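Report on one structure; see the data block that follows.
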Amino acid sequence: MDYKEMYQSWLDNPYFDDATKDELRAIADDDAEIKDRFYADLEFGTAGLRGVIGAGTNRMNMYTVRKATQGLANYIIKQNGQSRGVAIAFDSRRMSPEFADEAACCLAANGIKAYVFESLRPTPELSFAVRELKCISGINITASHNPPEYNGYKVYWEDGAQITPPHDKGIMDEVKAVTDYATVKTTTVEDAKSKGLYEKIGANIDDPYIEALKKNILHPEAIEATAKDLTIVYTPLHGTGNLPVRRVLKELGFEKVFVVPEQELPDGEFPTVSYPNPEAAEAFELALKLAKEKNADLVLATDPDADRLGVYVKDSAGEYHCLTGNMSGSLLADYEIGQKQAVNGSLPEDGEMIKTIVTTNLVDSIAKYYGIKVTECLTGFKWIGKEILRMETSGKGQYLFGFEESYGCLIGTHARDKDGIVASMALCEAAAFYKTQGKTLWDAMQDMYKKYGYYYDNVIAITHKGIEGLAKIKSIMDTLRANPPKAFGEFKVLVTRDYQEDVIVDLATGEKRPTGIPKSNVLYYEMEDDAWLAVRPSGTEPKIKLYYGVVGSDMEDARAKSEALGEQVKAMLDTL
(Lines give C-alpha, C1' and ligand atoms only; values in the text may rest on other atoms or scores of the structure.)
Protein backbone atom coordinates (compact mmCIF):
# COMPACT_ATOMS: atom_id res chain seq x y z
CA MET A 1 0.00 0.00 0.00
CA ASP A 2 1.24 3.50 -0.77
CA TYR A 3 0.74 6.36 1.68
CA LYS A 4 -2.59 7.45 0.15
CA GLU A 5 -4.02 3.95 0.35
CA MET A 6 -2.79 3.60 3.92
CA TYR A 7 -4.41 6.92 4.81
CA GLN A 8 -7.71 5.79 3.32
CA SER A 9 -7.52 2.44 5.08
CA TRP A 10 -7.34 4.19 8.45
CA LEU A 11 -10.44 6.20 7.53
CA ASP A 12 -12.34 3.08 6.43
CA ASN A 13 -11.25 0.63 9.13
CA PRO A 14 -13.70 0.40 12.08
CA TYR A 15 -10.74 -0.44 14.35
CA PHE A 16 -9.65 3.20 14.48
CA ASP A 17 -11.71 5.53 16.68
CA ASP A 18 -13.70 8.57 15.58
CA ALA A 19 -11.27 11.11 17.08
CA THR A 20 -8.44 9.63 15.00
CA LYS A 21 -10.56 9.73 11.85
CA ASP A 22 -11.62 13.32 12.52
CA GLU A 23 -7.96 14.33 12.82
CA LEU A 24 -7.19 12.59 9.53
CA ARG A 25 -10.15 14.10 7.70
CA ALA A 26 -8.90 17.54 8.68
CA ILE A 27 -5.78 17.01 6.54
CA ALA A 28 -7.61 15.55 3.51
CA ASP A 29 -6.40 18.37 1.25
CA ASP A 30 -2.80 18.37 2.49
CA ASP A 31 -0.96 15.72 0.48
CA ALA A 32 2.43 16.51 2.03
CA GLU A 33 1.05 16.04 5.54
CA ILE A 34 -0.67 12.79 4.59
CA LYS A 35 2.56 11.52 3.07
CA ASP A 36 4.59 12.44 6.14
CA ARG A 37 2.15 10.61 8.41
CA PHE A 38 1.80 7.46 6.30
CA TYR A 39 4.83 6.98 4.06
CA ALA A 40 6.37 4.63 6.65
CA ASP A 41 5.80 3.02 10.02
CA LEU A 42 7.28 4.84 12.99
CA GLU A 43 10.48 2.86 13.35
CA PHE A 44 10.99 0.76 16.45
CA GLY A 45 14.74 0.97 16.86
CA THR A 46 17.25 -0.06 19.51
CA ALA A 47 15.97 2.79 21.74
CA GLY A 48 12.29 2.02 21.08
CA LEU A 49 9.95 4.59 19.53
CA ARG A 50 10.22 8.36 19.29
CA GLY A 51 8.15 10.66 17.13
CA VAL A 52 5.65 13.48 16.76
CA ILE A 53 2.29 12.85 18.45
CA GLY A 54 -0.63 12.45 16.03
CA ALA A 55 -2.68 10.07 13.89
CA GLY A 56 -0.87 7.94 11.32
CA THR A 57 1.58 5.07 10.99
CA ASN A 58 4.55 7.45 11.29
CA ARG A 59 3.32 9.11 14.48
CA MET A 60 3.18 8.43 18.21
CA ASN A 61 -0.41 7.47 19.02
CA MET A 62 -2.28 4.80 20.95
CA TYR A 63 -2.20 2.45 17.96
CA THR A 64 1.55 2.62 17.38
CA VAL A 65 2.04 2.21 21.15
CA ARG A 66 -0.20 -0.87 21.15
CA LYS A 67 1.60 -2.31 18.13
CA ALA A 68 5.00 -1.87 19.80
CA THR A 69 3.69 -3.42 23.00
CA GLN A 70 2.22 -6.40 21.16
CA GLY A 71 5.64 -7.06 19.66
CA LEU A 72 7.24 -6.77 23.10
CA ALA A 73 4.62 -9.09 24.60
CA ASN A 74 5.26 -11.67 21.87
CA TYR A 75 8.98 -11.58 22.63
CA ILE A 76 8.44 -11.83 26.40
CA ILE A 77 6.22 -14.89 25.90
CA LYS A 78 8.85 -16.51 23.68
CA GLN A 79 11.38 -15.88 26.49
CA ASN A 80 8.97 -17.51 29.00
CA GLY A 81 8.99 -14.28 31.01
CA GLN A 82 5.27 -13.54 31.07
CA SER A 83 4.86 -14.49 34.73
CA ARG A 84 7.28 -11.79 35.90
CA GLY A 85 5.47 -8.69 34.69
CA VAL A 86 6.52 -5.35 33.22
CA ALA A 87 7.06 -2.03 35.05
CA ILE A 88 5.74 1.10 33.30
CA ALA A 89 6.64 4.75 33.99
CA PHE A 90 5.80 7.97 32.19
CA ASP A 91 6.85 11.61 32.18
CA SER A 92 5.06 14.97 31.94
CA ARG A 93 4.59 15.00 28.17
CA ARG A 94 1.34 15.14 26.23
CA MET A 95 -0.42 11.76 26.22
CA SER A 96 2.17 10.11 28.46
CA PRO A 97 -0.34 8.72 31.03
CA GLU A 98 -2.64 7.58 28.24
CA PHE A 99 0.16 5.81 26.37
CA ALA A 100 1.24 4.13 29.63
CA ASP A 101 -2.24 2.70 30.11
CA GLU A 102 -2.46 1.60 26.46
CA ALA A 103 0.77 -0.35 26.92
CA ALA A 104 -0.50 -1.84 30.19
CA CYS A 105 -3.80 -2.92 28.63
CA CYS A 106 -2.04 -4.59 25.71
CA LEU A 107 0.24 -6.47 28.09
CA ALA A 108 -2.74 -7.55 30.22
CA ALA A 109 -4.59 -8.80 27.14
CA ASN A 110 -1.54 -11.00 26.53
CA GLY A 111 -1.59 -12.32 30.10
CA ILE A 112 1.33 -10.19 31.30
CA LYS A 113 0.98 -8.13 34.47
CA ALA A 114 1.75 -4.41 34.31
CA TYR A 115 3.05 -2.43 37.28
CA VAL A 116 2.13 1.16 36.41
CA PHE A 117 3.34 4.17 38.38
CA GLU A 118 0.47 6.19 39.84
CA SER A 119 1.89 9.42 38.44
CA LEU A 120 4.92 10.68 36.55
CA ARG A 121 8.34 9.36 37.62
CA PRO A 122 11.95 9.86 36.45
CA THR A 123 13.61 7.43 34.05
CA PRO A 124 16.16 6.14 36.61
CA GLU A 125 13.34 5.18 38.98
CA LEU A 126 11.81 3.04 36.23
CA SER A 127 15.19 1.31 35.88
CA PHE A 128 15.21 0.78 39.66
CA ALA A 129 11.61 -0.52 39.63
CA VAL A 130 12.37 -3.21 37.04
CA ARG A 131 15.02 -4.65 39.33
CA GLU A 132 13.12 -4.05 42.58
CA LEU A 133 10.00 -5.85 41.29
CA LYS A 134 12.06 -8.51 39.46
CA CYS A 135 10.24 -7.74 36.23
CA ILE A 136 11.24 -9.22 32.88
CA SER A 137 11.01 -5.82 31.21
CA GLY A 138 10.16 -2.14 31.62
CA ILE A 139 8.52 0.53 29.48
CA ASN A 140 9.11 4.25 29.87
CA ILE A 141 6.87 6.71 28.04
CA THR A 142 9.15 9.68 27.44
CA ALA A 143 10.85 11.68 24.69
CA SER A 144 13.55 12.89 27.05
CA HIS A 145 14.48 16.50 26.18
CA ASN A 146 12.80 16.68 22.74
CA PRO A 147 10.40 19.55 21.89
CA PRO A 148 6.81 19.30 23.21
CA GLU A 149 5.25 17.84 20.07
CA TYR A 150 7.24 14.61 20.61
CA ASN A 151 6.75 11.57 22.76
CA GLY A 152 8.50 8.22 22.92
CA TYR A 153 8.58 4.67 24.20
CA LYS A 154 11.75 3.14 25.69
CA VAL A 155 12.11 -0.56 26.50
CA TYR A 156 14.19 -1.95 29.36
CA TRP A 157 15.17 -5.53 30.08
CA GLU A 158 15.38 -7.44 33.36
CA ASP A 159 18.78 -6.02 34.35
CA GLY A 160 17.23 -2.52 34.42
CA ALA A 161 19.12 -1.23 31.37
CA GLN A 162 17.69 -0.28 28.00
CA ILE A 163 17.65 -3.20 25.61
CA THR A 164 20.94 -4.38 24.07
CA PRO A 165 21.81 -7.47 21.97
CA PRO A 166 20.32 -9.99 21.64
CA HIS A 167 17.08 -8.65 23.10
CA ASP A 168 17.00 -5.43 21.08
CA LYS A 169 17.00 -7.26 17.75
CA GLY A 170 14.59 -9.90 19.03
CA ILE A 171 12.06 -7.27 20.12
CA MET A 172 12.54 -5.19 16.96
CA ASP A 173 11.82 -8.26 14.82
CA GLU A 174 8.66 -9.05 16.79
CA VAL A 175 7.38 -5.47 16.48
CA LYS A 176 8.09 -5.47 12.75
CA ALA A 177 6.15 -8.75 12.41
CA VAL A 178 2.96 -7.07 13.67
CA THR A 179 1.59 -5.80 10.35
CA ASP A 180 -2.14 -5.63 11.04
CA TYR A 181 -3.17 -3.18 13.77
CA ALA A 182 -6.49 -5.00 14.20
CA THR A 183 -4.68 -8.14 15.41
CA VAL A 184 -3.17 -6.29 18.38
CA LYS A 185 -4.68 -7.43 21.66
CA THR A 186 -6.03 -4.96 24.19
CA THR A 187 -8.49 -4.70 27.05
CA THR A 188 -9.70 -2.10 29.54
CA VAL A 189 -7.92 -0.97 32.69
CA GLU A 190 -10.90 -2.20 34.74
CA ASP A 191 -10.80 -5.66 33.17
CA ALA A 192 -7.00 -5.86 33.61
CA LYS A 193 -7.35 -4.90 37.30
CA SER A 194 -10.10 -7.48 37.87
CA LYS A 195 -7.76 -10.19 36.57
CA GLY A 196 -4.84 -9.01 38.71
CA LEU A 197 -2.89 -7.89 35.64
CA TYR A 198 -2.74 -4.15 36.37
CA GLU A 199 -1.23 -2.81 39.60
CA LYS A 200 -0.53 0.78 40.57
CA ILE A 201 2.85 1.41 42.17
CA GLY A 202 4.15 4.48 43.96
CA ALA A 203 5.51 4.82 47.50
CA ASN A 204 6.47 1.12 47.56
CA ILE A 205 9.07 1.97 44.92
CA ASP A 206 9.74 5.64 45.79
CA ASP A 207 10.87 4.91 49.33
CA PRO A 208 13.45 2.19 48.58
CA TYR A 209 14.67 4.20 45.57
CA ILE A 210 15.40 7.25 47.73
CA GLU A 211 17.02 5.06 50.38
CA ALA A 212 19.22 3.47 47.71
CA LEU A 213 20.40 6.92 46.62
CA LYS A 214 21.22 8.01 50.17
CA LYS A 215 23.45 4.96 50.67
CA ASN A 216 25.92 6.58 48.26
CA ILE A 217 26.59 9.54 50.57
CA LEU A 218 30.24 9.59 51.64
CA HIS A 219 30.43 12.68 53.89
CA PRO A 220 27.21 13.22 55.87
CA GLU A 221 29.22 15.31 58.34
CA ALA A 222 30.03 17.82 55.59
CA ILE A 223 26.33 18.18 54.77
CA GLU A 224 25.51 18.69 58.45
CA ALA A 225 28.23 21.33 58.75
CA THR A 226 27.05 23.35 55.73
CA ALA A 227 23.31 22.59 55.58
CA LYS A 228 22.28 26.05 56.78
CA ASP A 229 24.68 27.91 54.47
CA LEU A 230 24.97 26.04 51.18
CA THR A 231 22.43 27.53 48.79
CA ILE A 232 21.06 25.47 45.93
CA VAL A 233 18.80 26.53 43.06
CA TYR A 234 17.06 23.75 41.14
CA THR A 235 14.75 23.51 38.15
CA PRO A 236 13.00 20.35 36.94
CA LEU A 237 12.16 22.12 33.63
CA HIS A 238 8.47 21.16 33.99
CA GLY A 239 9.43 17.49 34.23
CA THR A 240 9.69 14.58 36.64
CA GLY A 241 12.58 15.61 38.87
CA ASN A 242 10.87 18.07 41.20
CA LEU A 243 9.62 15.75 43.96
CA PRO A 244 12.49 13.23 44.10
CA VAL A 245 15.27 15.84 43.96
CA ARG A 246 13.68 17.96 46.67
CA ARG A 247 12.90 14.92 48.77
CA VAL A 248 16.40 13.44 48.77
CA LEU A 249 18.05 16.82 49.45
CA LYS A 250 15.61 17.54 52.31
CA GLU A 251 16.09 14.11 53.88
CA LEU A 252 19.85 14.57 53.77
CA GLY A 253 19.52 17.85 55.63
CA PHE A 254 20.03 20.56 52.99
CA GLU A 255 17.94 23.53 54.13
CA LYS A 256 18.41 26.17 51.44
CA VAL A 257 17.01 24.59 48.30
CA PHE A 258 15.09 26.96 46.02
CA VAL A 259 13.06 25.65 43.10
CA VAL A 260 12.39 27.89 40.10
CA PRO A 261 8.64 28.56 40.57
CA GLU A 262 7.86 29.11 36.88
CA GLN A 263 9.31 25.68 36.01
CA GLU A 264 8.33 23.69 39.09
CA LEU A 265 5.07 22.04 38.00
CA PRO A 266 4.87 19.33 35.32
CA ASP A 267 3.76 20.73 31.98
CA GLY A 268 4.11 18.92 28.67
CA GLU A 269 3.97 22.21 26.78
CA PHE A 270 7.24 23.34 28.43
CA PRO A 271 5.99 26.96 28.31
CA THR A 272 9.15 28.65 29.59
CA VAL A 273 11.61 27.00 27.19
CA SER A 274 11.52 26.13 23.50
CA TYR A 275 13.76 23.14 24.10
CA PRO A 276 13.71 21.52 27.58
CA ASN A 277 17.34 20.46 27.49
CA PRO A 278 19.77 21.24 30.33
CA GLU A 279 22.56 21.36 27.73
CA ALA A 280 20.97 24.53 26.30
CA ALA A 281 21.80 27.93 27.85
CA GLU A 282 18.16 28.99 27.45
CA ALA A 283 17.05 26.34 29.94
CA PHE A 284 19.02 28.10 32.71
CA GLU A 285 17.80 31.68 32.21
CA LEU A 286 15.19 31.63 34.99
CA ALA A 287 17.35 29.49 37.27
CA LEU A 288 20.32 31.84 36.98
CA LYS A 289 18.09 34.82 37.69
CA LEU A 290 16.90 33.14 40.90
CA ALA A 291 20.47 32.06 41.72
CA LYS A 292 21.67 35.65 41.63
CA GLU A 293 18.80 36.73 43.88
CA LYS A 294 19.59 33.98 46.40
CA ASN A 295 23.39 34.11 45.97
CA ALA A 296 23.29 30.37 45.24
CA ASP A 297 26.42 28.23 45.35
CA LEU A 298 25.25 25.98 42.55
CA VAL A 299 22.42 25.77 40.03
CA LEU A 300 20.98 22.45 38.88
CA ALA A 301 18.60 21.51 36.05
CA THR A 302 17.27 18.07 35.16
CA ASP A 303 15.67 17.30 31.81
CA PRO A 304 11.99 16.23 31.67
CA ASP A 305 12.65 12.57 32.47
CA ALA A 306 15.40 13.50 34.97
CA ASP A 307 18.15 11.27 33.70
CA ARG A 308 20.39 14.19 32.65
CA LEU A 309 21.75 16.93 34.87
CA GLY A 310 22.98 20.36 33.80
CA VAL A 311 25.04 22.47 36.23
CA TYR A 312 26.23 26.02 36.81
CA VAL A 313 28.61 26.72 39.70
CA LYS A 314 29.64 29.99 41.33
CA ASP A 315 33.26 31.00 41.73
CA SER A 316 34.74 32.97 44.64
CA ALA A 317 34.11 36.22 42.75
CA GLY A 318 30.39 35.50 42.41
CA GLU A 319 30.42 34.62 38.71
CA TYR A 320 28.50 31.57 37.47
CA HIS A 321 30.17 29.05 35.16
CA CYS A 322 28.49 26.37 33.05
CA LEU A 323 29.89 22.87 33.44
CA THR A 324 29.69 20.71 30.32
CA GLY A 325 28.76 17.06 30.71
CA ASN A 326 32.43 16.16 30.51
CA MET A 327 33.28 18.69 33.22
CA SER A 328 30.55 17.76 35.70
CA GLY A 329 31.11 14.05 35.05
CA SER A 330 34.84 14.36 35.65
CA LEU A 331 34.28 16.45 38.77
CA LEU A 332 31.95 13.81 40.18
CA ALA A 333 34.27 10.97 39.12
CA ASP A 334 37.20 12.55 40.96
CA TYR A 335 35.09 13.26 44.04
CA GLU A 336 33.41 9.86 44.23
CA ILE A 337 36.51 7.77 43.58
CA GLY A 338 38.86 9.96 45.62
CA GLN A 339 36.55 10.11 48.63
CA LYS A 340 35.72 6.41 48.48
CA GLN A 341 39.43 5.82 48.79
CA ALA A 342 39.71 8.35 51.63
CA VAL A 343 36.71 6.98 53.56
CA ASN A 344 37.47 3.27 53.04
CA GLY A 345 41.26 3.50 53.10
CA SER A 346 41.62 1.86 49.69
CA LEU A 347 39.86 1.09 46.43
CA PRO A 348 38.99 -2.39 45.12
CA GLU A 349 41.88 -3.91 43.19
CA ASP A 350 39.49 -4.72 40.34
CA GLY A 351 37.66 -1.37 40.46
CA GLU A 352 36.48 0.00 37.12
CA MET A 353 35.32 3.31 35.74
CA ILE A 354 33.14 3.06 32.62
CA LYS A 355 32.97 5.74 29.94
CA THR A 356 31.70 5.95 26.40
CA ILE A 357 34.11 6.23 23.47
CA VAL A 358 33.27 9.92 22.93
CA THR A 359 33.80 10.94 26.56
CA THR A 360 36.76 13.04 27.76
CA ASN A 361 40.22 11.58 28.31
CA LEU A 362 40.36 13.52 31.56
CA VAL A 363 38.77 10.52 33.26
CA ASP A 364 41.58 8.29 31.99
CA SER A 365 44.02 10.57 33.79
CA ILE A 366 41.88 10.41 36.95
CA ALA A 367 41.70 6.62 36.76
CA LYS A 368 45.46 6.34 36.23
CA TYR A 369 46.07 8.44 39.34
CA TYR A 370 43.87 6.17 41.46
CA GLY A 371 45.14 2.96 39.86
CA ILE A 372 41.81 1.78 38.51
CA LYS A 373 40.81 0.43 35.12
CA VAL A 374 38.90 2.43 32.49
CA THR A 375 36.53 0.44 30.32
CA GLU A 376 35.17 2.05 27.17
CA CYS A 377 31.83 1.28 25.55
CA LEU A 378 29.63 2.59 22.75
CA THR A 379 27.66 5.83 23.01
CA GLY A 380 24.47 5.39 25.02
CA PHE A 381 24.12 4.62 28.71
CA LYS A 382 22.66 1.17 28.05
CA TRP A 383 26.19 0.06 27.14
CA ILE A 384 27.44 1.23 30.54
CA GLY A 385 24.59 -0.81 32.05
CA LYS A 386 25.76 -3.81 30.04
CA GLU A 387 29.26 -3.44 31.50
CA ILE A 388 27.80 -3.43 35.03
CA LEU A 389 25.89 -6.61 34.15
CA ARG A 390 29.12 -8.14 32.84
CA MET A 391 30.84 -7.47 36.17
CA GLU A 392 27.94 -8.93 38.14
CA THR A 393 27.57 -12.08 36.07
CA SER A 394 31.30 -12.77 35.73
CA GLY A 395 32.23 -11.88 39.30
CA LYS A 396 35.15 -9.90 37.89
CA GLY A 397 35.37 -6.14 38.29
CA GLN A 398 33.70 -3.72 40.68
CA TYR A 399 31.80 -0.74 39.32
CA LEU A 400 32.98 2.57 40.78
CA PHE A 401 31.58 5.20 38.43
CA GLY A 402 30.25 5.60 34.90
CA PHE A 403 29.34 8.52 32.70
CA GLU A 404 28.90 9.84 29.19
CA GLU A 405 29.57 13.30 27.84
CA SER A 406 25.88 14.04 27.24
CA TYR A 407 25.18 15.06 30.85
CA GLY A 408 24.60 11.58 32.25
CA CYS A 409 26.23 9.57 35.03
CA LEU A 410 25.42 6.82 37.51
CA ILE A 411 26.65 6.66 41.10
CA GLY A 412 25.89 3.29 42.66
CA THR A 413 24.24 0.30 41.00
CA HIS A 414 20.63 0.84 42.08
CA ALA A 415 19.75 1.68 38.46
CA ARG A 416 21.19 0.82 35.06
CA ASP A 417 20.58 4.15 33.38
CA LYS A 418 21.94 7.61 33.92
CA ASP A 419 20.39 9.19 36.99
CA GLY A 420 19.94 12.95 37.33
CA ILE A 421 18.51 12.53 40.83
CA VAL A 422 21.56 10.80 42.29
CA ALA A 423 23.83 13.17 40.34
CA SER A 424 22.05 16.18 41.88
CA MET A 425 22.47 14.66 45.33
CA ALA A 426 26.15 13.87 44.78
CA LEU A 427 27.01 17.32 43.44
CA CYS A 428 25.34 18.96 46.43
CA GLU A 429 27.32 16.66 48.73
CA ALA A 430 30.53 17.52 46.87
CA ALA A 431 29.71 21.22 47.17
CA ALA A 432 29.21 20.76 50.92
CA PHE A 433 32.48 18.84 51.27
CA TYR A 434 34.53 21.44 49.40
CA LYS A 435 32.78 24.25 51.29
CA THR A 436 34.12 22.79 54.54
CA GLN A 437 37.57 23.25 52.97
CA GLY A 438 36.83 26.84 52.03
CA LYS A 439 36.43 25.98 48.34
CA THR A 440 33.71 26.26 45.73
CA LEU A 441 32.96 23.59 43.14
CA TRP A 442 34.63 25.88 40.62
CA ASP A 443 37.76 25.87 42.79
CA ALA A 444 37.62 22.07 42.86
CA MET A 445 37.35 22.05 39.07
CA GLN A 446 40.46 24.24 38.75
CA ASP A 447 42.33 22.05 41.24
CA MET A 448 41.45 19.05 39.11
CA TYR A 449 42.86 20.66 35.96
CA LYS A 450 46.09 21.54 37.77
CA LYS A 451 46.38 17.97 39.04
CA TYR A 452 45.47 15.98 35.91
CA GLY A 453 45.94 18.36 32.99
CA TYR A 454 43.98 21.04 31.16
CA TYR A 455 41.66 18.89 29.10
CA TYR A 456 39.21 20.67 26.83
CA ASP A 457 36.50 18.76 24.96
CA ASN A 458 33.91 19.81 22.46
CA VAL A 459 31.28 18.47 20.07
CA ILE A 460 30.11 19.89 16.75
CA ALA A 461 26.97 18.69 14.96
CA ILE A 462 26.77 19.33 11.22
CA THR A 463 23.29 18.98 9.71
CA HIS A 464 22.70 17.39 6.30
CA LYS A 465 18.94 17.18 5.69
CA GLY A 466 16.91 14.97 3.38
CA ILE A 467 17.90 12.07 1.18
CA GLU A 468 20.80 14.09 -0.21
CA GLY A 469 21.98 14.73 3.33
CA LEU A 470 22.00 11.03 4.19
CA ALA A 471 24.03 10.36 1.05
CA LYS A 472 26.46 13.13 2.02
CA ILE A 473 26.95 11.69 5.52
CA LYS A 474 27.54 8.21 4.06
CA SER A 475 30.02 9.65 1.56
CA ILE A 476 31.97 11.40 4.34
CA MET A 477 32.25 8.19 6.36
CA ASP A 478 33.17 6.12 3.29
CA THR A 479 35.87 8.60 2.26
CA LEU A 480 37.39 8.75 5.73
CA ARG A 481 37.49 4.94 5.83
CA ALA A 482 39.06 4.63 2.40
CA ASN A 483 41.63 7.38 2.99
CA PRO A 484 42.41 7.70 6.72
CA PRO A 485 43.85 11.19 7.42
CA LYS A 486 47.45 11.25 8.60
CA ALA A 487 46.89 14.43 10.63
CA PHE A 488 44.23 16.91 11.71
CA GLY A 489 45.77 20.36 11.75
CA GLU A 490 48.88 20.32 13.93
CA PHE A 491 48.03 16.93 15.45
CA LYS A 492 49.53 13.82 13.87
CA VAL A 493 47.30 10.73 13.93
CA LEU A 494 48.92 7.85 15.80
CA VAL A 495 46.15 5.25 15.97
CA THR A 496 42.86 4.82 14.12
CA ARG A 497 39.86 2.94 15.40
CA ASP A 498 37.07 1.82 13.08
CA TYR A 499 34.28 0.49 15.23
CA GLN A 500 32.20 -0.59 12.25
CA GLU A 501 35.03 -2.75 10.93
CA ASP A 502 36.09 -3.72 14.49
CA VAL A 503 39.74 -2.81 13.97
CA ILE A 504 42.33 -0.64 15.70
CA VAL A 505 45.41 0.22 13.62
CA ASP A 506 48.72 1.54 14.95
CA LEU A 507 49.92 3.74 12.08
CA ALA A 508 53.59 3.54 13.11
CA THR A 509 53.82 -0.26 13.23
CA GLY A 510 50.83 -1.31 11.13
CA GLU A 511 49.73 -3.57 13.98
CA LYS A 512 46.01 -4.38 13.98
CA ARG A 513 43.77 -5.57 16.77
CA PRO A 514 40.00 -5.74 17.41
CA THR A 515 38.17 -2.96 19.25
CA GLY A 516 36.56 -5.45 21.60
CA ILE A 517 33.16 -3.77 21.58
CA PRO A 518 30.03 -4.18 19.39
CA LYS A 519 30.13 -2.75 15.88
CA SER A 520 29.02 0.84 15.35
CA ASN A 521 29.49 3.40 12.59
CA VAL A 522 32.14 5.44 14.41
CA LEU A 523 35.67 6.46 13.38
CA TYR A 524 38.10 7.46 16.12
CA TYR A 525 41.56 9.02 15.83
CA GLU A 526 44.13 8.99 18.62
CA MET A 527 46.59 11.83 18.07
CA GLU A 528 49.73 13.31 19.54
CA ASP A 529 49.63 15.05 22.92
CA ASP A 530 46.55 13.06 24.01
CA ALA A 531 44.36 14.81 21.43
CA TRP A 532 41.54 12.79 19.86
CA LEU A 533 38.67 13.01 17.39
CA ALA A 534 35.61 10.82 16.85
CA VAL A 535 33.30 11.09 13.83
CA ARG A 536 29.83 9.60 14.25
CA PRO A 537 26.56 9.95 12.33
CA SER A 538 23.66 10.68 14.70
CA GLY A 539 21.29 7.78 15.19
CA THR A 540 18.22 10.01 15.60
CA GLU A 541 18.85 13.18 13.56
CA PRO A 542 20.20 14.06 10.07
CA LYS A 543 23.56 15.08 11.51
CA ILE A 544 27.16 14.01 11.57
CA LYS A 545 28.77 14.62 14.95
CA LEU A 546 32.40 15.49 15.65
CA TYR A 547 33.61 14.82 19.18
CA TYR A 548 37.13 15.96 20.00
CA GLY A 549 39.45 16.80 22.85
CA VAL A 550 42.84 18.36 23.47
CA VAL A 551 45.15 19.05 26.39
CA GLY A 552 46.78 22.45 26.90
CA SER A 553 49.45 24.00 29.10
CA ASP A 554 46.66 26.02 30.68
CA MET A 555 42.95 26.50 29.96
CA GLU A 556 43.47 29.33 27.48
CA ASP A 557 45.97 27.25 25.54
CA ALA A 558 43.59 24.26 25.58
CA ARG A 559 40.70 26.42 24.39
CA ALA A 560 42.75 27.82 21.51
CA LYS A 561 43.91 24.36 20.44
CA SER A 562 40.34 23.07 20.58
CA GLU A 563 38.99 25.93 18.49
CA ALA A 564 41.69 25.47 15.88
CA LEU A 565 41.15 21.71 15.71
CA GLY A 566 37.39 22.13 15.32
CA GLU A 567 37.77 24.61 12.46
CA GLN A 568 40.36 22.44 10.71
CA VAL A 569 38.19 19.33 10.90
CA LYS A 570 35.08 21.17 9.66
CA ALA A 571 37.07 22.64 6.75
CA MET A 572 38.39 19.20 5.84
CA LEU A 573 34.90 17.65 5.89
CA ASP A 574 33.65 20.40 3.57
CA THR A 575 36.04 19.11 0.92
CA LEU A 576 34.83 15.50 1.12
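Owing to the predicted nature of the structure, the values given are computational and were not obtained by experimental measurement. Both backbone and side-chain heavy atoms feed into the values below; hydrogens, waters and symmetry mates do not.
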Glu43 backbone acceptor or donor facing Asp41 side chain under 3.5 Å:
no

Min side-chain heavy-atom separation His238-Pro304 under 4.5 Å
no

Salt bridge flag under 4.0 Å for residues Glu468 and Lys465:
no

Heavy atoms, side chains only, cut-off 4.5 Å: are Pro236 and Val259 in contact?
yes

Any ion pair linking Lys215 and Glu211 (charged N to carboxylate O, less than 4.0 Å)?
no

Measure the shortest side-chain to side-chain distance between Tyr3 and Ile34 over non-hydrogen atoms and say whether it is less than 4.5 angstrom.
yes

Looking only at side chains, do Asp417 and Thr123 share a donor and an acceptor under 3.5 Å apart?
no

In the structure I gave you, are the side-chain heavy atoms of Lys418 and Leu410 within less than 4.5 Å of one another anywhere?
no

Distance-only check: which donor-acceptor pairs under 3.5 Å involve side-chain atoms of residues 173-181, not counting sequence neighbours?
unit_1: Asp173; atom_1: OD2; unit_2: Lys169; atom_2: NZ; d: 2.9
unit_1: Glu174; atom_1: OE2; unit_2: Lys78; atom_2: NZ; d: 2.5
unit_1: Asp180; atom_1: OD1; unit_2: Ala182; atom_2: N; d: 2.9

Evaluation steps, side chain to side chain donor-acceptor pair (under 3.5 Å), between Thr235 and Gln263
CA-CA 6 Å; Thr235 174; Gln263 297 173 329; 2.7 Å; yes

Check whether the side chains of Thr302 and Tyr234 place a donor and an acceptor atom closer than 3.5 Å, and report yes or no.
yes

Which heavy atom of Ala333 sits nearest to which heavy atom of Met353, and what is that distance?
CB-SD, 3.8 Å

Side-chain heavy-atom pair Ser144, Asp303 within 4.5 angstrom cut-off
yes

Between Glu352 and Met391, is any pair of side-chain heavy atoms under 4.5 Å apart?
yes

For Pro208 and Ala203, which heavy atoms make the closest approach, and how far apart are they?
CD-O, 3.9 Å

Arg121 and side chain to side chain donor-acceptor pair (under 3.5 Å): which single residue from Asp91, Thr142, Asn140, Asp206 fits?
Asp206

Donor-acceptor contacts under 3.5 Å from residues 100-108 side chains, at least two apart:
unit_1: Asp101; atom_1: OD1; unit_2: Tyr198; atom_2: OH; d: 2.6
unit_1: Glu102; atom_1: OE1; unit_2: Arg66; atom_2: NE; d: 2.7
unit_1: Glu102; atom_1: OE1; unit_2: Arg66; atom_2: NH2; d: 3.2

Salt bridge flag under 4.0 Å for residues Glu190 and Lys195:
no

Flag the pair Arg246 and Glu264 as a salt bridge only when some basic side-chain nitrogen lies within less than 4.0 angstrom of an acidic carboxylate oxygen.
yes

Applying salt bridge (Lys or Arg N to Asp or Glu O under 4.0 Å) between Arg308 and each of Glu404, Glu405, Glu279, report the one that passes.
Glu279

Using modelled atom types only, decide if a donor and an acceptor are shared between the side chain of Arg93 and the backbone of Pro147 within a distance under 3.5 Å.
yes

Under a 4.5 Å cut-off applied to non-hydrogen side-chain atoms, are Val522 and Gln500 in contact?
no

Counting C-beta onward and ignoring hydrogens, is there a side-chain heavy-atom pair between Val86 and Tyr115 closer than 4.5 Å?
no

